[in-house]
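The figures that follow rest on heavy atoms only: side chains count, while hydrogens, waters and symmetry mates do not. Every chain is numbered from 1, with letters handed out A, B, ... down the list of sequences.
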Amino acid sequence: MRRIYLDHAATTPISPKVLEAMLPFYNELFGNPSSIHGFGREVAIHVDKAREKVAKAIGAASPQEIYFTSGGTEADNLAIFGVIEALQNKGKHIITSAIEHHAVLDTCEALEKKGFEVTKLPVDENGVIDLEVLKKSIKDDTILITLMHANNEVGTIQPIEEVVKIAKEKGVYVHTDSVQTLGSIPVNVQELGVDLLSISAHKIYGPKGVGALYVKKGTKLKSLVFGGGQERKIRPGTENVAGIIGFGEAAEIATLSLADNERISKLRDKLIEGLLKIEDVKLNGHPINRLPGNVNVSIEYIEGEALLLSLDMEGIAASSGSACTSGSLDPSHVLMSMGLSHQTAHGSLRLTLGKGTTEEDIDYCLKVIPEVVHRLRSMSPLGKN
Amino acid sequence: MRRIYLDHAATTPISPKVLEAMLPFYNELFGNPSSIHGFGREVAIHVDKAREKVAKAIGAASPQEIYFTSGGTEADNLAIFGVIEALQNKGKHIITSAIEHHAVLDTCEALEKKGFEVTKLPVDENGVIDLEVLKKSIKDDTILITLMHANNEVGTIQPIEEVVKIAKEKGVYVHTDSVQTLGSIPVNVQELGVDLLSISAHKIYGPKGVGALYVKKGTKLKSLVFGGGQERKIRPGTENVAGIIGFGEAAEIATLSLADNERISKLRDKLIEGLLKIEDVKLNGHPINRLPGNVNVSIEYIEGEALLLSLDMEGIAASSGSACTSGSLDPSHVLMSMGLSHQTAHGSLRLTLGKGTTEEDIDYCLKVIPEVVHRLRSMSPLGKN
Amino acid sequence: MYSEKVMDHFKNPRNVGELEKADGVGEVGNIKCGDIMRIYLQVEEGIIKDIKFRTFGCGAAIATSSAVTEMAKGKTLDEALKLTNQMVAEELGGLPPLKMHCSNLAADALKAAIEDYKKSNNL
Ligand SMILES: Cc1ncc(COP(=O)(O)O)c(C=O)c1O
Ligand SMILES: Cc1ncc(COP(=O)(O)O)c(C=O)c1O
Ligand code: FES
Ligand code: FES
């Protein structure tokens, strides 16, 4: 059976070049980079090179602004807890949005329980925050604005540069979660102007379990975990060396191959257009300011998990914002915040394209999905059938 | 040049079988285990199998008691912060020892700054805590005892079973850091009786950047980081799948090959005996209750970093508790807590043997080290020369 | 970690040892932070004719001791007094930031030895 992977927002296959770069660090270059002997020093040099590559990929002024973590989740947690811990005498108010990834949202909610005040900015029907509302939300004791660069479910890109302009006037730090944008759209910390930025290797054809937090020089940040002197004590623990090397390689490739995204966005548009031809299907997320690989539609009268399982049987790997896929009761907080009804949110389908996606894959989807939708609708008590 | 790796306590070379088990997860099995489609489900099954292997290796009652982390450091932090967060209404007192790894010690000190009370148990000249002192230290508001199973610098093994007996009487949780013991001496959570136990893959011929916390069923624990639903929300973030698979394999091998430690401890004894023949050299750590691979000696009148660099030039990779190796001002807190003088602590040398260590390696060390010591002593203003 | 020059001085330290009939001896350092340096001088007509050192300390400590003896040898006392820790570090192609306190000692030890010489000769 044909197997088509259209879940690149969840994770990506590792690029052969990345794996090749990693392998020596599972073999002869096994030393601990903190060790003083040759086995260690040799490895430390390569870790530094990877740091340089990651720094360059996001336009950081210096490799010293990169702190490796165990992934995007930890980078987000470190950014938020780290700033809060460093600045809590200055204030207790954080601003975020209603559609952040759980790594940000749940962290903010944990802080809320500890007595911090959290403002969750609403978004419009396309998933974009309102800059005027942001401006009004900033208070004297606001210490951090954390807003994602682009959303993982609907692909909507936020106006981070504008956010930074507003924040700078008030002297408030800005953190952005660029886990979904690196490799898909240009990510340049100096152009964005952010103070902190999270990225993750496994979303850019690198290994799972390694990420990084960019911290602009001079930004006040405390560590989240405590231990040895690694990552200048901001992130102690023996480094995931092979992972870091792979991340460096993947980051380098990602910036070199940004051009491929034009091809991907053309396929995306073809897929969207084809899907919208199915009756009672509607696009979620911004029609223009969206990630090149993101397709998210709501398909009325059917439920996401059933759709995913049916597509999986046809060899198509996809994702959904349905509550039933996660076993929780509420469907995607992202779709709900954009004003979708429970029913419509339940019937959402996310297809995320990547480097390996071909025109034939899209054609196959456009053949199979309408059939599957038809089959499921014929079982549904809702709608006209 | 001959290159002899005698720094297995810092990290170990990955076993070829472990790497072989990992590779498919950098290739065709790249899915995200949280995904509902085939690419994801397939991977989730293997993650569960690895969890079973790790559970079995430490004698856990159920795989659900294993939470994968990014390493030993994070496991220690999760154990301590997690219990504190869950039980802070019950009490604010923690007991640890003066010779813990920084992952425990610095975490306790961070808590001290936040208003918790920390008792650091002293150790005797061999590095062993006093059970009577422990007993007297437990107070009504003690919520956690965290004591390492064996020390990473001097190899001294603590009487954890006895600690647990004392703690159970008072209903206090016990966490132990078994990062150095797994694979070296039997580690069985049920026999030890602990509530929480930390381990790390890269110390047992597995990959760097993955560890686990054992949490006995029913133990109250909160998460340290927030995000998705991975590791039952105790440790969110996309799993380091290949790392976890490697950890499972390494844990399985570690328990199967415990017998090799008899060979290793014989080599250790030969090495210790030979080193003690050098004038003004003394063994650090317990003469009997020590890890099979650990040799730690103080060599008077010379400084550790200079010794390490000289040994490195001769192809021997070792470690030291000298302050100069870390650029800090104080030499090893472990050696100082055992009553060594600054000067003696500065001249410490740690050689840690492993599976690949041969009798020839030891013979070579016993030829080279006395020569190097002699050369450095001839440069030293201390001692009689 | 260390520059090639540091490693060269560490591997082949110049002027190791002591002078039986030293005209001046200087010792600096503190065993607490792990280094003690002792420098021996032989002075003839205001010129450092011979110089030796003994050092307890890390690679940087040994290399800076070695380097300072090489730099001082043949210089007049006044010239030698002008040697600074920074100059020693530069001579070695730099030191890791965490190690800068070691290079501080080498020139200090030389100064202490010169002062000792001056004192015992009532200069
Ligand atoms: C926007 C966003 N933030 C954070 C994360 C978490 O990253 P990681 O999976 O590396 O922990 C993800 C992906 O899961 C994401 O899409
Ligand atoms: C006793 C002990 N605990 C914790 C750690 C930290 O483990 P990791 O390096 O996996 O973070 C180590 C090793 O560095 C250790 O020896
Ligand atoms: S319909 Fe079964 S979980 Fe939602
Ligand atoms: S002698 Fe300690 S750092 Fe140099």
With only heavy atoms counted, which part of [X] is less than 4.5 Å from chain A, the side chain, the backbone, both or neither?
X: N77(B); answer: side chain
X: D312(B); answer: side chain
X: A242(B); answer: neither
X: E100(B); answer: neither
X: L23(B); answer: side chain
X: T325(B); answer: both
X: M22(B); answer: side chain
X: I244(B); answer: neither

Can you find a pair of side-chain heavy atoms, one from [X] and one from [Y], that are under 4.5 Å apart?
X: K114(B); Y: E85(A); answer: yes
X: T11(A); Y: V241(B); answer: no
X: V225(B); Y: L224(A); answer: yes

Interface residue of largest heavy-atom contact number with chain A, from [options], under 4.5 Å:
options: P13(B), A10(B), G237(B); result: P13(B)
options: G246(B), A103(B), G243(B); result: A103(B)
options: P16(B), P207(B), G31(B); result: G31(B)
options: E74(B), H202(B), R41(B); result: H202(B)

Inset, instruction - Measure distances from T12(A) to the heavy atoms of chain B and classify the residue's part below 4.5 Å as side chain, backbone, both or neither. - result: backbone

Legend entry - Contacting region of T107(A) [heavy-atom separation from chain B under 4.5 Å]: both

Inset, instruction - Scan side-chain atoms only and decide if T73(B) and R235(A) contain a donor-acceptor pair under the 3.5 Å cut-off. - result: no

Legend entry - Heavy-atom pair with the smallest gap, counting every atom of K208(B) and E239(A): CB-O, 3.2 Å

Legend entry - Heavy-atom pair count under 4.5 Å with chain B, highest-scoring of G209(A), S35(A), G227(A): G227(A)

Inset, instruction - Look at G71(A), C108(A), A110(A) and state which one has the largest set of heavy-atom pairs under 4.5 Å with chain B. - result: A110(A)

Legend entry - Euclidean distance, L307(B) CG relative to I36(A) CD1, rounded to 0.5 Å: 10.5 Å

Legend entry - Atom pair CZ (F30(A)) and OH (Y5(B)), whose distance is rounded to the nearest 0.5 Å: 5.0 Å

Legend entry - Within 6.0 Å of NZ in K233(B), more than 12 heavy atoms from elsewhere: yes

Inset, instruction - Look at the rings of F226(B) and F81(A) and say which category their plane angle falls in: under 30° parallel, 30 to 60° tilted, over 60° perpendicular. - result: tilted

Legend entry - Audit row: R3(B), H37(A), side-chain contact (heavy atoms from CB on, under 4.5 Å) steps and yes/no: CA-CA 11 Å; R3(B) 280 184 93 188; H37(A) 48 64; over 6 Å; no

Inset, instruction - Would you please test N32(B) and D7(A) for side-chain contact (heavy atoms from CB on, under 4.5 Å) and show each step? - result: CA-CA 9 Å; N32(B) 188 323; D7(A) 201 9; 6.0 Å; no

